[in-house]
Structures are given as structure tokens and as C-alpha cells.
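Below: the structure, in C-alpha cells.
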2 protein chains.
Amino acid sequence: MKQKRFLLDESELPRQWYNIQADMVNKPLPLLNPATKEPLSADDLAHIFAAECAKQELDQIHPWIDIPEEVQERYRFYRSTPLVRAYALEEALGTPAHIYFKNESVNPLGSHKVNSAIPQCYYCKQEGVTNVTTETGAGQWGAALSYAAKTFGLECAVYQVKISMQQKPYRSSIMRTFGATVTGSPSMSTRAGKDIITADPNHPGSLGTAISEAVELATTTPNCKYTLGSVMSHVSLHQTIIGLEAEKQMAMAGEYPDTIIACFGGGSNFGGLAFPFMRHQLKGQRDDVRSTKVIDFIAAEPASCPKLTKGKFEYDFGDSAGYTPLLPMYTLGHTFKPANIHAGGLRYHGAGTIVSQLLKDGYMRGVDIPQLESFDAGLLFARTEGIIPAPESCHAIAATIREAKKCIETGEEKVILFNLSGHGLIDMTAYDSFLNGDLVNIG
Amino acid sequence: MKQKRFLLDESELPRQWYNIQADMVNKPLPLLNPATKEPLSADDLAHIFAAECAKQELDQIHPWIDIPEEVQERYRFYRSTPLVRAYALEEALGTPAHIYFKNESVNPLGSHKVNSAIPQCYYCKQEGVTNVTTETGAGQWGAALSYAAKTFGLECAVYQVKISMQQKPYRSSIMRTFGATVTGSPSMSTRAGKDIITADPNHPGSLGTAISEAVELATTTPNCKYTLGSVMSHVSLHQTIIGLEAEKQMAMAGEYPDTIIACFGGGSNFGGLAFPFMRHQLKGQRDDVRSTKVIDFIAAEPASCPKLTKGKFEYDFGDSAGYTPLLPMYTLGHTFKPANIHAGGLRYHGAGTIVSQLLKDGYMRGVDIPQLESFDAGLLFARTEGIIPAPESCHAIAATIREAKKCIETGEEKVILFNLSGHGLIDMTAYDSFLNGDLVNIG
């Protein structure tokens, strides 16, 4: 029988993250203070984030960052995640392509988000922080942070977009089960929230309102830091554990990818899988080349939120309210209102600084996936591989199917690797709508 | 760092199931035809079940049954499941005990049920069957069967208890995502269903009504077989893959269990974990003893459905309507109405034939867990090990915690192994009730 799953022994788990900034030819442009337009220092960022995260955010020197022992210990709760050969999907498509996926859905939190929640909480703990806070939409990140905070003995307060909290009550139950306090945003617990509610008592909330409340809580509470689940460079750094494992696992399978695909919201699961492979194509790393192949890196974004294919490269705010530093990135504008698609994790206007520079420099490309195509792909995947994918991950699957179908025409046995960033078990209302024929393409 | 997770290479996966009936000193008594009181033959059972399953059900000769190649192939989609050392739980309890759990929650269906759904559908396919049907309550079994049917190209019809279908809509969405037809029972699609609805238009349904409808569909539809997710001996046989893996994994950890614990509904996850270890304590297997330890086997049942501790050993029906063969087992009586606890999978009046004989002969014992104790245990487990357990599995965790606390008093470093039969992500309403203080002890 052919081997289907590839797992690493604990002794083989990566002990360092890969910092792609150090190897980039054109470095990301600096983050700017919106008032002074001056580049921000790590000290500036450390007012909000853990100091170590702030340092990692701006590190353009060190390609390898040691993973702290206690973080490695928590990673071992669920890592390595399996690299899986999708034989059944290949057969259903009739493609000569070899399709592999990295299965990040098989940790108890259900997505890759916990890979960064753990180190962020660890650094907070090390630095004497007692409370962490964040915003969350659909709740994957909030759930991951709630667990990570609990495991390091930190109090955790999550502001969840009010409308999401009502639409997906299970995710707030999960956060509460892990001991977090969950507040629907806008709330009366912050000045920002009060102002919003006073102006509009029925405001449904948005990531913008939730970020404002979380940042306010962090800056007005002693020993409290703000954390973020994507977009920032230190988050992608932590997520490189995905690609570093995948590289070893592909070697176990005796193959090397021609194409690497991940869905794209703020960039953390894409960067996490792609950057370790991409390093072989960057200057200064040529001595470390494992393959002469030039990999086709594809970020799959929703057609209704097409910042990679239709955004502009410019300085923009990270949040809709305009409270964050200015980030140099591809963006649809911070006031862009993404359509209400089920892939809540992909409803973000900007692409982050690293990916934006890499896209500008031609190392990767974006593709736009309509909502119905994403669920068609998700359903086929469920019925062949037995895993119900998160609506976000369905975008990566749809892009994979497109590439695999091209191989039917060309006859090429391309090796395609995609990231299954999470499962869809808390998103069954979305599948319900799709199965009932109620779902449409938006945007 | 100490190793936390133990996984088997694909080459080490078991290739045979273990049939404990062959090694039992006192064999289970025969199943009886309720009309004639004559023992049933495999041919009799094959009117309802796949012929191979009927044969396995009554096999008291062969201790090892080959796992078909195509079943092994499907097992490799998610097996081996991890054996995990629960260091964080141990630390929170302050116990000298070594706690291990077999994590059956990390397959895409979320519970151990798929271990039997796959072979049952495989045998149906081999025998020219085109349609399978079953009943399901909370829906773990129905979801597993829906996936397994799809992977072997069988049509699948599930009768789900109507009230459960309304209370846990996500589970029926999962079944539909895998392509099954899901009908709330009682329904107008069968004679039995029509009779029930005519008598009581608002009947909420029960496992009894759903079994009646599924059996009627199987017996009135060409090429359609009925399948079952627990209770029957062939189901426990398939589940021994759990214990056979665990035995190898405990050896990797360099330990051997003093105590083995699983929750108990119809017995399939308990038998699956326990039987392979128990074989060393049965006559004729002494030459194969891996340890001189006599293991304490504990089945954790809900206090509100205490068939193991308070039931009688007698012939009884498997369903509440009295359509099935008579089974010799510990039972609360087939008309017993279990309280409406959240652990829907444990709401069953009987213990099955093998476990009942083993209990009678003193090889194992039952303990009763009140609902609140089960959720206290589940919450502690979630907050230490990061996994939200199914309400059923919480009973095993509660029994484990009881044993671990005894070790604090005695100072014994006992090795406790329990089965985490499933995750609780589709049961968050139960955790919600518990966190809100709305949950009570029943029964």
C-alpha cells in the first residue's frame, strides 16, 4: 500500500522559526507613525505588543529565530501535523497531479491560529504581563488565544464582533470553555465602544470596532498586552513552523512541490507554509537549494475581497478606524467593507507588509475564488478525503483543483501542496446554506 | 524534553482485529429469536446485517480476524491516532499517577465511530449491497456512516431522532455534507413512522422509533442493509483497532497500564480499548502475557443510566420497541427511559453480550458518574490539555480523575489509560449550559 500520511518524530520537530525578512532582496518598507510619519521602532510597538514580538516584527537581520523551549513543549501537544497525500481527491478529479495537503485542522482548536497564540502568550508571560486581549471575528483566533492564555496562566479578554457572536455562538462557547471573557463589540466596557453605541445603538460591530476596544483595553490596563492573529510579520514568523515541517515531510514522501497554495486573509497561513520553501528562491540562500524547481506560489483570496489582484500598493491603516500604524501594503483601502461571505477569516482589506513586497517583486501571485466555487471545492474535498474544510480553506482547495485540472490537459504530474488551515465543524451553517442552494456569489 | 505524543508508523498499524469471544472462558450466551426463543444463526442475522458482520457477530472460534486491505487503506486516512501523556492534567491534579489517553477525537468525523462504519460499509459493498441505513441520536454514528458510505459509493439513509435533529442541527448538516439523506424520526416515509405519527402527531422521536424505521427500510428495500454503531459484538471487534494500537504505543512510552478506563454507552469504545489488553488475563493467552499486572478495567456510565451497576443480567430486547433479537445482557429493561443528559451516546438501557459476560465473570467493573462531575472533569481537561471533550468522553475523564486522586492519597505512581472517544465541538450547547450554571444532576 502507498503511504498516505507523513508525520515527524518529536525529535525532528523544527526548533527555530524562519524569518524571511532577513533574506528578502527588497526589505519591507517601515511601519509609520500616522501622526509624525516617522518609522516606528520596536520600543514604539512594545507599548501595545509583547516586547519580544515587537522585536521580531522589525527584525530584518536574523533568518532563524529560536523557538523557546516552553513553546516547543506546547507545540508537541499537536505537532507535527500530518502531511497527507490526497489520493481520493486526485482520483475523483482524474488528474495526473500529485496533491498533498498540510493538515492544520487536527489540533484541538481546529486551525493554524494556535501556532502563534502560544508564543505570543509565552512572551507576555515571560515579560510579566498578566492579561492579554484581542479582537476576533468568526472566532478561530479568539479560541486559539483563549487556550494559549489559559495554558500560561494569563487572563484573556476577547472582543468578538457582535454580529459574528450571534451568528456563530459555538465559537464564543469555546472561548468561554477555555476560561476567556468574551464581550460582543461594540460594548459599553470601553470609551470607544460607548461612543459607537451612543451614536448607533444597533451597531452590529466589525473588526474595526473590536480592534479599537481591544487596543483601548490593552493601553488602559496595567500589565495587559494586545495580540493579533494575522497581518503582522511576527505572526507569519511563528506560522513558519507549518512550512518547515512540510519541507521535511515532502522529503519523506520523496517529492518536492511545483506549486504551493494557501488561502489568504491577513497572510499568516500563507506565509507560514510558503516562506520556508520560498527561501530557496531568495538571494543568499542559493547554497541551501534543495531543488532547482522554481515554485509557483499561489495565494487564494475571495473574489469579493481581491486586495492581491485589484488592490493598490500604498501606506494604509491596518484597521478600519485608523488607530494602527501605517502599513506599506497592497490594500483595498481601510474603509473597504468586505461582502458578508462565510469565509470570515478572509474578509480583510490589506495584505501585510512582507507578502505585499514579495508580490510586488514577483515571487508569488494571487488568484480570486468566487464563493460558490469555494464551496463546490469544499464539498468535493469532504466527500473524497473525509474532512469538512473551513470556508477559508475551501479557497485553497478551489485553487488547487484549478491547477490539478490544468494538469489533466497538459498531462503534467505536477506536485501541488496546499494548506488545510482549519476544519469547518463550527461553520456548518455555511454548508447548510450551500446545500440548500441559498448561497450566492457576492462582490 | 519528555515525549508527549506517541504515533505508529503506517507499517506498524494492526492488520487484524482481536475477537475476544474466542478467548473467553464463559462465552456469551446466544442471541434468541423472540418468537421461537431459538438461538439465531449467522444466516438469520444476515437478513438485516452484511453477511460478513453477521458471521463476525457469532464467531467464538477465531481470535484474530484479518482487516481487509481496503479497510486498512481507509484507516490510514487518520490512523494511528495519538497516544498522549496528559502531563498538564497530572500537574493540575498534583497526582503521582501517569495519565495517558488514546485520542480518537482527531479524525475528521470527530469520534471513534468511523472505525466500525468503514468495515461495515466495505462488507456491504463487497456483498453487492447498494444502500445502507441506520438510526442515530446525537449523530456521531450517523456522521461516521455517511462518510464511510460515500467513500465506498453506497447510498446512505439516516433516521435521526427528531428532537436531536432539532437540538443539534450541525450534525445533520455534517451528514448531508457527506451526501447522506437525513430524515427526522418518526417520519411519514415508513409504515412504522406513519403509525407513530398518526397516534401522536407531535412525537419527538427516540432511538426506538428510529431503529424501527431504519430496520423497516432495510428489510423492504432491495440491496439495502441495516448497520449499527455499538452494542453488537462485531462493532466492538472493529473497534479493537484502538486497543491494539494503544498497546504498541504504551510500549513506546515504556509503560503498561494499571487501570484502563472508557465511557460506556453500548460498549464499543470501551471494548475497543479494553479487549486487546484484557486478552492477557484470559485463559489460553497466558503465554502471551506482556505484564504480570492485573489491569483494573473501569467502564464509566452516567449515574442516570446505571445498567452496569444497577441493571439485571437477563435476556432483553436491544430496542425499546422490541423488534430486535433477545440479547443476554445487563439491562435496565428495554422500556427504561434514560434522562435527557447531554451525553446522548450513553443513553442506552443495555450493555451488550460480551461486556455483560465479562462483568458477570469479574474481569471489569462499572462506575457511575453524575452529570455535573462529568462536565467539571471535561472543563479541567479542556483547560489543561487544550481539547474540549465530548460529553460522553467526559465520563471517562471523571473516572480517571477519581483514580488519579486516589493515587495522591496512596502515593502510587499508577499508570492510567483512558479513551478520549470524541471531541465536543458539536456539543457546545452543553458546555454553555454548564458554564451558565443551568446544568443539573439527573436520575
Side-chain angles (χ1 to χ4, degrees), chain A residues 1-11 69 72-74 76-80 82 84 87-88 103 105-110 114 143 147-148 150-151 169-174 176-179 378-379 382-389 423-432 434-436, chain B residues 1-11 69 72-74 76-80 82 84 87-88 103 105-110 114 143 147-148 150-151 169-174 176-179 378-379 382-389 423-432 434-436:
Chain A
M1 279 188 288
K2 292 168 294 185
Q3 191 165 355
K4 181 165 176 69
R5 292 204 313 167
F6 301 88
L7 288 156
L8 300 175
D9 285 340
E10 285 193 0
S11 62
E69 191 89 349
Q72 289 186 48
E73 194 180 304
R74 263 69 177 191
R76 289 185 302 133
F77 282 27
Y78 62 96
R79 307 205 70 87
S80 64
V84 185
Y87 288 113
N103 189 357
S105 78
V106 289
N107 73 63
L109 289 314
V114 72
Y147 159 69
K150 176 56 69 180
T151 188
Y170 281 5
R171 276 269 163 63
S172 43
S173 310
I174 291 173
R176 292 173 67 217
T177 298
F178 287 121
L379 204 69
R383 291 180 177 184
T384 49
E385 296 296 324
I387 303 171
I388 299 180
H423 66 62
L425 294 177
I426 312 292
D427 304 278
M428 291 312 299
T429 46
Y431 281 90
D432 249 5
F434 180 66
L435 291 165
N436 292 340
Chain B
M1 279 188 288
K2 295 170 290 186
Q3 191 164 355
K4 181 168 176 69
R5 294 205 311 167
F6 301 88
L7 289 155
L8 300 175
D9 284 340
E10 286 193 1
S11 62
E69 190 88 350
Q72 289 187 46
E73 194 181 305
R74 263 70 176 189
R76 289 186 301 134
F77 282 28
Y78 61 96
R79 306 205 71 87
S80 66
V84 185
Y87 288 113
N103 189 356
S105 77
V106 289
N107 73 62
L109 288 315
V114 71
Y147 159 70
K150 176 56 71 180
T151 187
Y170 280 6
R171 276 270 162 62
S172 43
S173 308
I174 291 172
R176 293 172 67 217
T177 298
F178 286 122
L379 205 68
R383 292 179 177 185
T384 49
E385 296 296 323
I387 303 170
I388 298 179
H423 66 61
L425 293 178
I426 312 294
D427 304 277
M428 291 311 300
T429 46
Y431 280 90
D432 249 5
F434 180 66
L435 291 166
N436 292 338

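None of these values were measured; they are calculated from a predicted model. Within every chain, numbering begins at 1; the chains are lettered A, B, ... in the order of the sequence lines, protein sequences first and strands thereafter.
Contact tally against chain B (heavy-atom pairs below 4.5 Å) for His423(A), Glu385(A), Arg74(A), Arg383(A): the top residue is Arg383(A). Chosen from Phe6(B), Tyr431(B), Tyr78(B), the residue pairing most often with chain A at heavy-atom distances under 4.5 Å is Tyr78(B). No other option in Thr151(A), Ile174(A), Thr177(A), Leu435(A) has as many heavy-atom pairs under 4.5 Å with chain B as Thr177(A).
Val106(A) touches chain B through backbone and side chain together, each having a heavy atom under 4.5 Å away. Contact annotation for Thr384(B): only backbone heavy atoms (N, CA, C, O) come within less than 4.5 Å of a heavy atom of chain A. With a threshold of 4.5 angstrom between heavy atoms, Tyr147(B) approaches chain A through side-chain atoms but not through N, CA, C or O. Only the side chain of Leu7(B) comes within contact range of chain A, with heavy atoms under 4.5 Å apart. With a threshold of 4.5 angstrom between heavy atoms, Arg79(B) approaches chain A through N, CA, C or O but not through any side-chain atom.
Of the inter-residue distances, the one linking Leu425(A) atom CG with Leu109(B) atom CG reads 9.0 Å to the nearest 0.5 angstrom. Atoms OG and CG, from Ser173(B) and Asp427(A) in turn, are 11.5 Å apart once rounded to the nearest 0.5 Å. We find the NZ-CZ distance between Lys4(B) and Phe77(A) to be 4.0 Å, quoted to the nearest 0.5 Å. With values rounded to the nearest 0.5 angstrom, Tyr170(B) atom OH is found 4.0 Å from Thr429(A) atom OG1. Rounded to the nearest 0.5 Å, atoms CD1 (Ile426(B)) and CD1 (Ile426(A)) are 5.5 Å apart. The line from CD1 of Ile388(A) to CZ of Phe178(B) is 4.0 Å long, rounded to the nearest 0.5 Å.
Contact record, Pro108(A) with Gly386(B): CB-O, 2.8 Å, taken as the closest heavy-atom pair.
With contacts defined as side-chain heavy-atom distances shorter than 4.5 Å, the pair Asp9(A)/Gln3(B) does not qualify.
With hydrogens and angles ignored, the 3.5 Å screen pairs a side-chain donor or acceptor of Arg76(B) with a backbone N or O of Lys2(A). Judged by distance alone, with hydrogens and angles left aside, the side-chain atoms of Arg5(B) form a donor-acceptor pair with the main-chain N or O of Ser80(A) at under 3.5 Å.
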